[in-house]
Amino acid sequence: MNLSMAVNNITFGAKIGNIPNINRIAGNNLPLSNIKLNGYNAFIGGDVYTPSGKIKQDLLFLGKKLVAINDFNENEINDKINYVILQDETVAPAIVDEHIHGGYGISFHDSNESQIRELLKKLAERGIGGVVATTLPDSIENIRKQIDILHNIIHNQKEGEARLFGIHLEGPFINPLKKGIHEKEKILVPTVENYESMNPKDISIVTLAPELDKGYNLTKYLQEHGVIVSAGHSIALAKQLADAGIKQVTHLFNAMSPFHHRVPTITNEGLVNPDVVAEMISDGVHLAPQTMNLVMSIKTSDKLVLVSDALPYAGLKEDFYMNGVRIHIDENGVAKNADGTIAGSMKFLHDVAKKLIDTTNATFTDFIRCACENPAKNIGVGDKFVLKEGSEPIFSVWDNKTTTVEKTFINYN
């Protein structure tokens, strides 16, 4: 293919003359996986995510900073510009998963630092730009030990790793009546004393059962310290969430009292209250496509957060033990304990994008909003995932035909 013809056949905002260097064109030169954000890089010819939908835009980066959109002249730039020619691809904020337990045999709950760093690299390679490491109910001693490990990683991130933005304590402050696969013996009463005894650091989210939080003392304490309180594994009524001022629910519909037509429950509150953030596991197993359509038709667009709830053996297929509980993978790839209770997911968020779009009313824009933009804002790092001039965004390039991630670019500022 003639190079000038190939470039001229692409519509883009910048007025390109003699191209000084081509990094990629129709897959014939350097693959996108080899592109580094060093010097000037212009991503041209592709789509770019915006909250209102994908549009054609050209993006010029200097290092990891987005310095121009649609309006730059290479003749005014003294340095060489590397042109990344996108054809049927979209640039979008990278995925942020606020509820993920691990993957590839590695657990955020009890694996060591080197193993977790290996997992973060694998996640980054697959389009996950940031995560909130999610733990399980356990003894105070074990949780304290793991918090220390995660704290060290959070404050010493290394090149190639997905950003670890904080810790999500899913328990141990849950209701035994909605414990799911978790062991009853590892559940603790939600008190400030129990929480503080864990020597908590970098806690972003705590999932708890508000009906067991006497006087909502722990809830209020966490809120005062900037921690998101998410009601989950709970039989709470809607009124109890409202009285406690709780504005998030953990994996809507799962491990909670069902929707009730006369006495509003935690599910009612998560589904109907426009001020409450609702996590939704989007693997097609935990919620039927019709249920996901219902949620998406009701929830305020910026209050729905897609999560994976990925288990430590997500990405693999064999049975395993998680925190002392044997998990069996059935013939459909669904993880269950011995009594048939569904555990978390065996899929990551990047794995479910295409299925979600194919089986529900969700568009690619909906997916990016709910799996990237909303969770980033929810945990207070939204500015790191915005494609605007002057930003240093964490972003991915997606293949439009396969809805798969080709490359993720992560900064560590």
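This is a predicted model, so every value here is computed, not measured.
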With no hydrogens and no angle check, just 3.5 Å: does a side-chain donor-acceptor pair link Q240 and Y216?
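No.
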Is there a donor-acceptor pair under 3.5 Å between the side chain of [X] and the backbone N or O of [Y]?
X: D351; Y: F348; answer: yes
X: Q146; Y: I143; answer: no
X: D283; Y: H286; answer: yes
X: S111; Y: I106; answer: no
X: D366; Y: C370; answer: no
X: R163; Y: N411; answer: yes

Rounded distance (nearest 0.5 Å) linking atom CD1 of I281 with atom CG of L252:
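The distance works out to 10.0 Å.
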Tell me whether the guanidinium CZ or amine NZ of K64 lies under 6.0 angstrom from the six-membered ring centre of F61 and within 45° of its axis.
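Geometry flag: not set, cation outside 6.0 Å or 45°.
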Would K54 count as a cation-pi partner of Y49, with NZ or CZ less than 6.0 Å from the six-membered ring centre and within 45° of the ring normal?
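No; the conditions do not both hold, so K54 does not lie above the ring face of Y49.
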All ring-ring contact (aromatic ring centres under 6.0 Å, His included) counterparts of H99, not counting sequence neighbours:
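H99: ring-ring contact (aromatic ring centres under 6.0 Å, His included) contacts with H101, H168, H251.
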Are [X] and [Y] ion-paired here, with the side-chain N under 4.0 Å from a carboxylate O?
X: D302; Y: R369; answer: no
X: E161; Y: K158; answer: no
X: K145; Y: E141; answer: no
X: E373; Y: K384; answer: no

Is it the case that atom NZ in K347 sees more than 12 heavy atoms from other parts of the structure closer than 6.0 Å?
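No - once you tally the heavy atoms of other residues, nucleotides and ligands closer than 6.0 Å, there are 12 at most.
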Sub-4.5 Å side-chain heavy-atom contact between F108 and I116:
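In contact.
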For the residue pair T404 and W398, establish whether any side-chain heavy-atom pair is separated by less than 4.5 Å.
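Side chain of T404 against side chain of W398, heavy atoms only: no contact under 4.5 Å found.
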Between I153 and L120, is the side-chain contact (heavy atoms from CB on, under 4.5 Å) condition met? List the steps.
CA-CA 10 Å; I153 298 173; L120 292 173; 3.8 Å; yes
Specify the closest pair of heavy atoms between K56 and N70, including all atoms of both residues, with the distance to one decimal.
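The pair with the smallest heavy-atom distance is O-ND2, 4.0 Å.
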What residue among V249, V229, T265 forms side-chain contact (heavy atoms from CB on, under 4.5 Å) with L241?
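So, applying the side-chain contact (heavy atoms from CB on, under 4.5 Å) to L241 and each of V249, V229, T265, only V249 qualifies.
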